[in-house]
Amino acid sequence: MEYAFKQVESKWQQYWKQQGAYTSNDFNKPKFYVLDMFPYPSGAGLHVGHPLGYIASDIYARYKRLQGFNVLHPMGYDSFGLPAEQYAIQTGQHPAITTQQNIARYRQQLDMLGFSYDWQREIRTSEPDYYKWTQWIFIQLFHAWYDNTLQKAMPIESLVQQFETNGNSGINAATEYENTFTAAQWLAYNQAQQHEILMAYRLAYLSNTLVNWCAALGSVLANDEVKDGVSERGSYPVERKLMQQWSLRITAYSQRLLDDLETIDWTESIKDSQRNWIGRSQGTSINFNCNNQTITVFTTRPDTVFGVTYLTLAPEHPLVSQLTLATHKSEVDQYVAWAKNRSERERQADVKHISGVFTGAYAIHPFTNEPIAVWIGDYVLAGYGTGAVMAVPAHDTRDYAFARHFNLPVKQVIEPTTPHNFNEAAYDEKMGTCINSGFLNGLSVNEAIKVAISKIENEAVGIGQVNYRQRDAVFGRQRYWGEPIPVYYKDGIAHTLPTDALPLVLPAIDAYLPTEQGEPPLARAQNFTYNGYPIETTTMPGWAGSSWYYLRYMDAGNTQAFASADAINYWQQIDLYLGGSEHATGHLLYVRFWTKFLFDLGYLPFNEPAKKLINQGMIQGTSALVYRVVNSNTFVSAGLKNKYQTTTLHADVNMVANQVLDIEAFKNWRAEYATADFILEDGKYICGSEVEKMSKSKYNVVTPDDIIEKYGADCLRMYEMFLGPLEQSKPWNTNGITGVSGFLKKLWRLYIQAHNGYGAADNASLKTIHKTIKKVTEDMERFSFNTSVSTFMICVNELTDAKCTNKEILQWLAIILSPYAPHIAEEVWQLMGNTQSVTKAAWPVFNESYLIESVFEYPVSINGKMKFKFPLPTNYTSAQVTENISISPKLQQLLQGATPKKIIVVPGKIINVVV
RNA sequence: GCCUGGAUGGUGGAAUUGGUAGACACGCAGGACUUAAAAUCCUGUGACCCUUAAAGUCGUGCGGGUUCAAGUCCCGCUCCGGGUACCA
């Protein structure tokens with residue numbers, strides 16, 4: 001009887017659905033939370049690369065269920081986003097409708113794969129029931145400030161109280177507010193002034209900041225949405241623009257986001273990306289007096305303070321206009337105007353080009369009292385540190401390049417540990433001894449840094465401090481298809497909506513474009529007001545909804561809270577989180593930030609979202625190439641193409657198997673190819689291939705639908721795992737799938753054979769199954785799914801050879817196979833007379849006693865080279881092994897009379913004879 | 001540039017703690033069954049030397065080293081992928 005995968009797979013998919021086989025509501029069991037990063041439902045549907053992580057997490061979730069855990073394994077949709085809106089602009093169709101259609105398509109594809117999601121917990125970030133709570137969290141952020149002393153977010157009322165009693169002098173907060181005021185002054189401020197001050201402390205705040213403006217998308221973008229000076233989505237140019245924007249004060253959490261990386265089991269590469277993104281650097285500020293103004297610089301190398309030969313300010317630095325001498329004014333103005341108007345892209349593309357201008361002013365060195373020239377240069381960034389640097393060209397590569405370009409002095413203050421030519425490059429190693437450095441002379445770099453900081457602090461010329469590269473996250477988007485920000489404006493002051501007015505539903509508009517005045521699309525909405533006051537018209541960015549979605553799955557239907565305390569206390573953190581590494585500095589930082597914030601407010605008993613994170617590799621496409629002879633309709637096989645002059649064209653990969661083109665399919669593909677001729681090699685047309693990104697235009701997209709149609713879902717699941725280690729990126733290639741398909745057929749025959757009459761267990765089969773259980777269990781624990789597939793193949797090969805018909809053995813095999821190939825496992829499980837689903841079975845425990853061998857075939861090496869095998873009882877001691885091998889005729893023959901210097905025996909492993 | 005991950009047969013990959021390199025598959029070659037094909041099954045398959053076999057030699061990107069023993073550890077390189085980039 002042939003294995004009819006189509007019938008069997010749809011039968012069990014229906015069964016699981018009817019039985020609610022994957023609901024996760026048995027709260028008496030221990031919990032386990034396995035989460036996939038949810039997808040953005042694009043119009044293209046899933047290709048074979050998408051399910052890679054989903055299959056792995058599904059296998060693990062099923063494994064944990066069989067081990068007796070109550071497993072939370074949900075799925076949902078990150079359904080706000082740009083593509084649906086761009087489509088809406090073109091067609092006028094509401095993005096909700098296309099989103100709905102795309103979700104239906106995704107769901108159909110996900111169902112085909114036999115995933116064990118608990119669909120009762122499905123969420124969609126664009127549904128008001130969901131984004132109500134995204135808005136609610138925003139409101140909490142608005143009404144909170146960050147206490148640096150407690151290292152914790154606090155309600156804004158506690159800040160107001162302190163202002164009212166003590167002013168702001170004793171407060172150590174994450175804020176850009178720099179002035180101090182007393183309680184009396186605070187009370188004397190009017191409401192608008194108080195609001196303005198508070199805004200500078202809030203964790204969700206409005207401010208005028210330089211943002212990444214993308215004109216083509218009509219919106220601002222966060223730093224992680226800009227790659228190489230262009231937008232990540234669509235690759236449109238991005239420029240810097242000063243705008244009033246909503247931001248989230250993620251920088252308040254920089255240190256905790258950094259420190260807590262030590263507490264989580266994530267890959268080192270993701271942690272490193274986050275560390276670099278946060279970019280902590282410890283250093284000190286130093287004040288330079290300049291015509292009664294103070295220029296404050298930030299440096300991590302105060303040990304080189306005597307090597308300063310000039311200062312450089314960013315073109316946007318506020319003191320530029322005040323410091324510049326009249327004689328230099330026009331030149332400086334010209335430069336500043338030029339630098340400010342350069343787009344981000346120009347700056348990026350032009351990093352090597354050095355530009356700058358002298359202000360004519362001189363500052364006074366705080367220790368030597370020497371005059372120090374003040375320059376302006378666009379290699380100094382306004383947004384980092386103080387926007388000004390002390391240039392030490394001898395020991396900083398950029399300063400060196402600038403000094404060389406403008407012929408400025410280079411003063412060596414560190415004696416290098418290795419020979420160094422200062423005429424060629426800066427010496428920027430943090431190693432060596434201070435020279436020409438006053439009170440620092442003779443100290444090592446590391447000692448000098450400490451001494452310099454304490455001297456700087458004692459003489460009040462600066463203060464030790466820490467800077468982060470990380471910026472606050474811009475939170476407003478000038479777009480329609482996102483969560484409305486629950487804020488209204490009364491007399492120009494921002495107020496949040498009361499939480500009982502949530503959700504603030506996205507209003508209908510007539511066109512999904514900015515208004516004539518350049519306002520965001522929401523400004524088109526009629527009566528978009530709260531009690532008559534206008535509501536904020538920017539919407540939240542794509543990452544808002546995904547920053548807390550893992551919490552909603554715990555209690556998806558809750559109308560009273562984002563999730564109940566009971567649900568949160570039961571489910572706790574994500575135990576295993578699977579997703580792509582491209583989210584390293586975006587989503588994965590934001591979700592950690594929101595988790596810490598909700599923890600600070602007492603809503604969560606944990607401050608990291610996921611204990612363990614695994615990144616699945618990307619699956620690339622393998623394009624199929626055909627070669628058309630120039631000026632003809634003749635195609636030549638890849639091996640012969642060099643004999644002709646050819647044009648390379650893409651053929652649809654779905655017409656190609658093992659590099660061989662299906663010529664009939666190719667002729668039918670396009671009318672122009674219907675009459676094509678082919679020059680074959682060995683009767684076949686062989687295609688060339690190239691690894692590229694999977695995309696429609698390259699005809700290399702392989703959908704799971706096609707594979708499932710041909711081989712079934714179990715086969716696709718196992719084949720994707722069989723391709724190689726989960727974390728590794730690899731090109732998709734259907735070449736090996738027949739191996740997995742053949743395995744499933746062989747497995748099926750094994751069960752059909754046995755069904756004719758079950759028999760007793762033989763020793764060989766017992767050993768096989770226990771060995772398999774052991775290996776598969778170990779592989780599961782280390783997420784090595786590819787090796788498990790091999791193990792199953794070996795198992796089935798061995799059981800087939802042993803003609804095993806033992807029911808118990810075959811049942812064990814069905815159970816351990818069921819996470820990988822759930823449909824066929826259910827079918828054979830039922831065939832063996834089980835009435836309950838295999839998903840309710842228990843993961844078997846292997847019995848070591850079946851694996852014990854009485855004899856071991858020792859590999860015998862001479863000088864480390866394996867020569868022959870020699871069987872000996874496993875219970876022999878090293879001495880007994882040595883004795884037996886010494887007298888073995890085979891060894892004698894190989895040694896040809898020589899006496900071994902030494903015989904090394906590792907019992908149960910190897911014998912090595914040293915001559 | 002910096003940070004990361006990687007490089008093993010014709011191909012995907014295995015070797016978990018330093019202990020038989022190439023498991024398991026694909027492909028290829030030969031064979032069985034068949035009028036034929038598909039499906040299925042069997043045999044062989046790292047390279048070199050050789051008519052074959054046996055034996056031997058070489059072999060995990062390159063060059064060194066440690067060790068009785070190195071794909072695995074150490075030092076120095078090359079190439080490929082991912083991230084990041086005037087961050088003072």
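Residue numbers begin at 1 in each chain, while the letters A, B, ... track the order of the sequences.
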For nucleotides 38-44 of chain B, just jot down a letter per nucleotide in 5' to 3' order: B, S or -, based on protein non-hydrogen atoms under 4.0 Å. --SS---
Should we count NZ of A/K612 as having more than 12 external heavy atoms under 6.0 Å? yes
Looking only at atom P, what distance separates B/G30 and B/A37, rounded to whole Å? 13 Å
P-based separation of B/U60 from B/A21 [nearest Å]: 12 Å
Does a side-chain N or O of A/N786 approach OP1 or OP2 of B/A14 to a distance below 4.0 Å, or not? yes
Minimum-distance pair of heavy atoms, taken over all atoms of A/N912 and A/G864: OD1-N, 2.9 Å
Just by distance, no angles: are the side chains of A/N287 and A/T294 close enough, under 3.5 Å, to form a donor-acceptor pair? no
Determine the Euclidean distance between corresponding C1' atoms of B/A47 and B/G22; express it in Å to zero decimal places. 13 Å
Any chance the side chains of A/D472 and A/T251 put a donor and an acceptor closer than 3.5 Å? yes
For A/A388 and A/K730, find the nucleotide of RNA chain B closest to each by heavy atoms; which residue's nucleotide sits nearer the 5' end? A/K730
When rounded to the nearest Å, what value does the distance between C1' atoms of B/G59 and B/G46 take? 8 Å
Which of parallel (below 30°), tilted (30 to 60°) and perpendicular (above 60°) describes A/H365 and A/F288? perpendicular
Separation of B/C26 C1' from A/Y719 OH (nearest whole Å): 8 Å
Candidate nucleotides B/C68, B/U16, B/A14, ranked by approach to the side chain of A/D779 - the nearest: B/U16
Side-chain contact check for A/L381: nearest option of B/U16, B/G56, B/A88 is B/A88
Set out, line by line, the N/O atom pairs under 3.5 Å between protein and nucleotides 80-84 of chain B.
unit_1: B/U84; atom_1: OP1; unit_2: A/K227; atom_2: NZ; d: 3.4

Just to be sure I understand the rule, does A/P725 reach a base, reach only the sugar-phosphate, or reach nothing, if contact means heavy atoms closer than 4.0 Å? sugar-phosphate
Could you go over nucleotides 19-21 of chain B and give all protein N or O partners under 3.5 Å, atom names and distances?
unit_1: B/U20; atom_1: O2; unit_2: A/K869; atom_2: NZ; d: 3.1
unit_1: B/U20; atom_1: N3; unit_2: A/K869; atom_2: NZ; d: 3.4

Using the C1' atom on both, measure B/C2 against B/G19 and round to a whole Å. 38 Å
Does a side-chain N-to-carboxylate-O contact under 4.0 Å join A/R275 and A/E268? yes
Whole Å only: how far is the NZ atom of A/K902 from the P atom of B/U67? 11 Å
At under 4.0 Å between heavy atoms, what does A/N467 touch on the DNA or RNA strands: base, sugar-phosphate, or nothing? nothing
Parallel, tilted or perpendicular, as decided by the 30° and 60° cut-offs, for the rings of A/F406 and A/W375: tilted
Using whole Å, report how far CG of A/D272 lies from P of B/A85. 15 Å
Does A/F868 have any ring-ring contact (aromatic ring centres under 6.0 Å, His included) partners at least two apart in sequence or in another chain, and if so, which? none
Using the C1' atom on both, measure B/U8 against B/G1 and round to a whole Å. 31 Å
May I ask you to test the A/S581-A/I270 pair for a side-chain heavy-atom distance under 4.5 Å? yes
Can you classify the ring geometry of A/Y3 versus A/W748 as parallel (below 30°), tilted (30 to 60°) or perpendicular (above 60°)? tilted
So, using ring-ring contact (aromatic ring centres under 6.0 Å, His included) as the criterion, who are the partners of A/W277 when residues are at least two apart? none
Does A/M390 or A/I737 map to a spot on RNA chain B nearer the 5' end, using the closest nucleotide for each? A/I737
In whole angstroms, the gap separating P of B/A15 from CD1 of A/I794 amounts to 11 Å
Using a 4.0 Å heavy-atom cut-off, does A/R275 contact any base of the nucleic acid, only the sugar-phosphate backbone, or nothing at all? nothing
Aromatic plane relationship, A/Y60 with A/Y63 - under 30° parallel, 30 to 60° tilted, over 60° perpendicular: tilted
Please report whether the ring centroid of A/Y711 lies less than 6.0 Å from that of A/Y719. no
Could you tell me whether A/F722 contacts a base, only the sugar-phosphate backbone, or nothing, with contacts defined as non-hydrogen atoms closer than 4.0 Å? base
Treat a base pair as Watson-Crick or G-U wobble with both distances under 3.5 Å, then lay out RNA chain B in dot-bracket form, 5' to 3', with | for cross-strand pairs. (((((((..(((......[....)))((((((.......))))))(((.......)))..(((((..]....))))))))))))....
Pairwise side-chain contact, A/F783 with A/P725, heavy-atom cut-off 4.5 Å (strictly under): no
Chi-based syn or anti call at B/G18, which uses purine or pyrimidine torsion atoms and a 90° bound: anti
Check every strand shown and say whether A/E268 touches a base, only sugar-phosphate, or nothing at a heavy-atom separation below 4.0 Å. nothing
Can you check whether A/S281 has a side-chain N or O nearer than 4.0 Å to OP1 or OP2 of B/A88? yes
Between B/G71 and B/C58, how many Å separate the two C1' atoms, rounded to a whole number? 16 Å
Spacing between A/M721 atom CE and B/A25 atom P, to the nearest angstrom: 19 Å
Should the pair A/W338 and A/Y335 be assigned to parallel (<30°), tilted (30 to 60°) or perpendicular (>60°) ring geometry? tilted
I'd like to know whether CD of A/E727 has more than 12 heavy-atom contacts from other residues, nucleotides or ligands below 6.0 angstrom. yes
How close or far is atom P of B/A54 from atom NZ of A/K890, stated in whole angstroms? 12 Å
Nearest-angstrom distance, P atom, B/C75 to B/C80: 24 Å
In this structure, how many angstroms lie between the C1' atom of B/C2 and the CG atom of A/D396, rounded? 14 Å
Flag the pair A/K774 and A/E778 as a salt bridge only when some basic side-chain nitrogen lies within less than 4.0 angstrom of an acidic carboxylate oxygen. yes
Touch class at under 4.0 angstrom, heavy-atom based, for A/K271 against every strand present: nothing
Rounded distance in Å - CD (A/E727) to P (B/G13): 13 Å
